[in-house]
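Along the sequence shown, the residues carry numbers beginning at 1.
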Amino acid sequence: PPGLGQRIYEIDPLLKNFRDHLDYRFSHYRKIREAINQYEGGLEVFSRGYEKLGFTRSATGITYREWAPGATWATLIGDFNNWNPNADVMTRNEFGVWEISLPNNADGSPAIPHGSRVKIRMDTPSGIKDSIPAWINFSVQAPGAIPYDGIYYDPPEEERYKFQHPRPKRPKSLRIYECHIGMSSPEPKINTYAEFRDDVLPRIKKLGYNALQIMAIQEHSYYASFGYHVTNFFAPSSRFGTPDDLKSLIDRAHELGLVVLMDIVHSHASNNTLDGLNMFDGTDSCYFHSGTRGYHWMWDSRLFNYGNWEVLRYLLSNARWWLDEYKFDGFRFDGVTSMMYTHHGLSVGFTGNYSEYFGYATDVDAVVYLMLVNDLIHGLFPEAITIGEDVSGMPAFCIPVRDGGVGFDYRLHMAIPDKWIEILKRRDEDWQMGEIVHTLTNRRWLEKCVSYAESHDQALVGDKTIAFWLMDKDMYDFMALDRPATPVIDRGIALHKMIRLITMGLGGEGYLNFMGNEFGHPEWIDFPRGEQRLPDGSVLPGNNFSYDKCRRRFDLGDADYLRYRGMQEFDQAMHHLEEKYGFMTAEHQYISRQDEGDRVIIFERGDLVFVFNFHWTNSYSDYRVGCLKPGKYKVALDSDSPLFGGFGRVQPDAEFFTFEGYHDDRPRSFMVYAPSRTAVVYALAKEEDEAKPVEE
């Protein structure tokens, strides 16, 4: 049941100045919840729209329903009736829902065979058009064809995939491996669900991640959109295999103890009128706002009208569908900033002034939709995880809905990768320790963050990954161990490890990495594409439809004769350290030193003490490190270990005993050797569990 929505004012007293807006938002949410209870039998029933709309099968036949209020006539066509528009004409009710029932054949088989093509033909204000049903659960592009075909997907019982393994428990610390099925092969091709299941899942498990976040699941007719221009919201992308193949991938991940998150796109839809929802019923509204409000000029896509009852049914049912049917464990919601503001965050710099969040630019309908979808997900699946991609820093974003928040579990800490790129453009001498610490720790109280040094965004053509910023063209010639490294390579590998560890150590309660970046994947991602002619006559060059830059060279990270191997080993050690000590979610966190002269950052998380020396030449012997707990400390992780491509300047089995006396506001301290450009993690050695370096 909805709560009172008042606790946000205790958590953040500054919100009291915007009480009118927030109370209105919460009352609007309650009003919609009450209307859903009154007219639809509650959120649980309302979110099962796929049992009413689209194709539903019963013992006696198939019923097909479609909401298309702008259409004046509609008929179901397909292979089953030889595409005859007069064979199965539909009837319309007062809400604009078209319907037809198709009884079983005489032999009891369904009127539409499994795997056959279907479309709805409508007479609309913009003429006769054939559309793929909006609730279709599979669609494919025939070889050589341009448009997609809706597929009636209803395999016989014995062919359906049956889940064997329960969902894993929700991890306390979330360590996410962000991945894309199609580009997950070392070969220049589109990979499949089955190949990903067999080849990539064991790799993710071995690296020590406990969650994977899969991009580009919802069907998208344009491959190079990275899955963000969705055409069929209920259909898993057919490029990678069948719906049952995807189910077997998720089941295998669960068997390995991995949580599976889906990158879900509810912020906009493809403007493709042939395959998608755009102009579905011949009007520019239907699922979207009409006019300029319904068009995102930068993304060239359509924007949902979250105030429309049927749009709420469609999107809430869509979230439910992926959790129920495919057993996903949660979502990363894409483009949430674009949803929450009518300016979509474009050309707007958020300064943190609260009036930027709660004013006329806020799309209250969209925020209320986000509250409803979080309510639905957490109400039906208490273990499910929701992460919001919000760059604005909206207050109360990760506070439960009942307390007046938007209800996400985590926000993506998007300021961190931007800050790293900004810092990497400077000389080492211009790096500021305080700036790094501030960016990593600048987050709202009681709101959990997923931090990351880089994601898929930084890997795309036109941008550069951290490894490429650091080492650039030297990566082509000097990554083999049988030839000496250059100073650029030595610096790059050392800083690559330090950047990732400090991001995980200070950045939040979760951590994310895009596949391949764990070992500093060279070059960029470029989807196969031809040249494009723009309206102004200019030509955007293509890449001759090449898959060469649309794959992941996992062989580089595995090759024991290349320096990539050390970076991959370090990433693995970092995750196993977190698994052992749970430092990302430890209650105790204290930053004792950020020394601009020495270029040193020292902080404590849980029973661990992290020592980072960012200085390019200075190594410090007998460097005093403040700590809270007395006893013996040992090296738990050393970025300079030879296993990680380092120089082995820190003794792995050395012991460090604390002595009393305040240092850096800590009651005791111990002395260490801190070599240049290294990060060393010291663990308090417990008698029953002598802390061993993670590499052993």
Side-chain angles (χ1 to χ4, degrees), residues 172-173 432-446 448-449 451 498 501-509 573-574 577-615 618-640 649-694:
K172 195 173 179 205
S173 305
Q432 300 292 318
M433 302 300 104
E435 181 186 20
I436 293 171
V437 169
H438 173 74
T439 303
L440 290 170
T441 55
N442 182 21
R443 50 189 187 269
R444 296 189 187 282
W445 185 55
L446 288 183
K448 291 190 286 194
C449 284
S451 65
M498 294 177 74
L501 183 61
I502 198 168
T503 301
M504 183 189 258
L506 277 181
E509 295 73 22
M574 196 168 83
L577 181 78
E578 208 293 322
E579 179 67 30
K580 181 175 179 181
Y581 291 99
F583 60 80
M584 284 200 301
T585 48
E587 294 277 312
H588 175 62
Q589 175 176 317
Y590 190 88
I591 298 152
S592 60
R593 175 167 285 234
Q594 34 192 326
D595 191 312
E596 302 295 351
D598 292 347
R599 310 283 163 160
V600 168
I601 296 171
I602 300 174
F603 61 87
E604 301 160 24
R605 274 196 101 164
D607 282 347
L608 301 179
V609 180
F610 292 73
V611 179
F612 288 82
N613 178 6
F614 280 96
H615 204 286
N618 290 0
S619 298
Y620 306 109
S621 50
D622 291 338
Y623 201 79
R624 199 166 166 197
V625 173
C627 64
L628 176 66
K629 295 183 178 176
K632 177 172 73 176
Y633 285 80
K634 298 189 80 172
V635 175
L637 180 65
D638 165 25
S639 73
D640 200 43
R649 291 168 289 174
V650 174
Q651 220 178 320
D653 49 3
E655 297 178 343
F656 305 87
F657 293 91
T658 59
F659 48 91
E660 299 299 311
Y662 269 80
H663 177 71
D664 286 345
D665 280 338
R666 309 313 283 146
R668 39 195 71 86
S669 56
F670 56 94
M671 309 288 255
V672 302
Y673 176 51
S676 58
R677 287 199 187 121
T678 58
V680 183
V681 184
Y682 298 92
L684 186 64
K686 298 196 167 59
E687 284 165 27
E688 74 282 359
D689 169 32
E690 283 286 270
K692 290 181 180 170
V694 170

> Going through the checks in order, is the side-chain contact (heavy atoms from CB on, under 4.5 Å) test met by I591 and T441?
Replying inline: CA-CA 10 Å; I591 298 152; T441 55; 3.8 Å; yes
> Under 4.0 Å between a Lys/Arg side-chain N and an Asp/Glu carboxylate O for D607 and K686?
Replying inline: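 Salt bridge between D607 and K686, a charged N being under 4.0 Å from a carboxylate O: yes.
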> Thinking salt bridges, do R666 and D664 make one under a 4.0 Å N-O criterion?
Replying inline: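 So R666 does not pair with D664 through a salt bridge.
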Taking the side chain as every heavy atom from C-beta outward, state whether [X] and [Y] have any pair of such atoms under 4.5 Å apart.
X    : Y    : answer
I436 : F612 : no
I602 : S592 : yes
R605 : H588 : no
V625 : S669 : no
V650 : V635 : yes
E660 : P630 : yes
Y682 : V611 : yes
K632 : F656 : no

Quick one: closest heavy-atom pair of [X] and [Y], and the distance?
X    : Y    : answer
G507 : C449 : O-CB, 4.1 Å
Y581 : A683 : OH-CB, 3.5 Å
F583 : L577 : CE2-CD2, 3.8 Å
D595 : M433 : O-CG, 3.6 Å
P675 : S619 : CA-OG, 3.3 Å
F614 : I502 : CE1-CD1, 4.2 Å

>> Quick one, E604 with Q589, criterion side-chain contact (heavy atoms from CB on, under 4.5 Å). Give me CA distance, side-chain angles, the key distance, then yes/no.
In response: CA-CA 5 Å; E604 301 160 24; Q589 175 176 317; over 6 Å; no
Between [X] and [Y]: side-chain donor-acceptor atoms closer than 3.5 Å:
X    : Y    : value
Y623 : N613 : no
T658 : R668 : no
T585 : E509 : no

Going from [atom1] on [X] to [atom2] on [Y], what distance comes out if it is rounded to the nearest 0.5 angstrom?
X    : Y    : atom1 : atom2 : result
E596 : I601 : CD    : CD1   : 8.0 Å
R624 : M671 : CZ    : CE    : 6.5 Å
H438 : L440 : NE2   : CG    : 10.0 Å
M498 : R677 : CE    : CZ    : 9.0 Å

> For C627 and V609, what are the C-alpha separation, side-chain angles and deciding distance, and is it a side-chain contact (heavy atoms from CB on, under 4.5 Å)?
Replying inline: CA-CA 7 Å; C627 64; V609 180; 4.2 Å; yes
>> Does the plane of the ring in Y620 sit parallel, tilted or perpendicular to the ring in H615? Use 30° and 60° as the thresholds.
In response: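 Ring orientation of Y620 relative to H615: perpendicular.
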> Strictly under 6.0 Å, is that where the ring centroids of F657 and F670 end up?
Replying inline: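 No, too far apart.
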>> Please evaluate residues S639 and T678 with respect to the criterion side-chain hydrogen bond (donor to acceptor under 3.5 Å, both in side chains), reporting the C-alpha separation (whole Å), side-chain torsions for both, the decisive distance (0.1 Å), and the verdict.
In response: CA-CA 6 Å; S639 73; T678 58; 5.2 Å; no
> Do the numbers put R649 on top of the ring of Y673, so that NZ or CZ is under 6.0 Å from the six-membered ring centre and no more than 45° off the axis?
Replying inline: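 Checked: cation-pi criterion not met.
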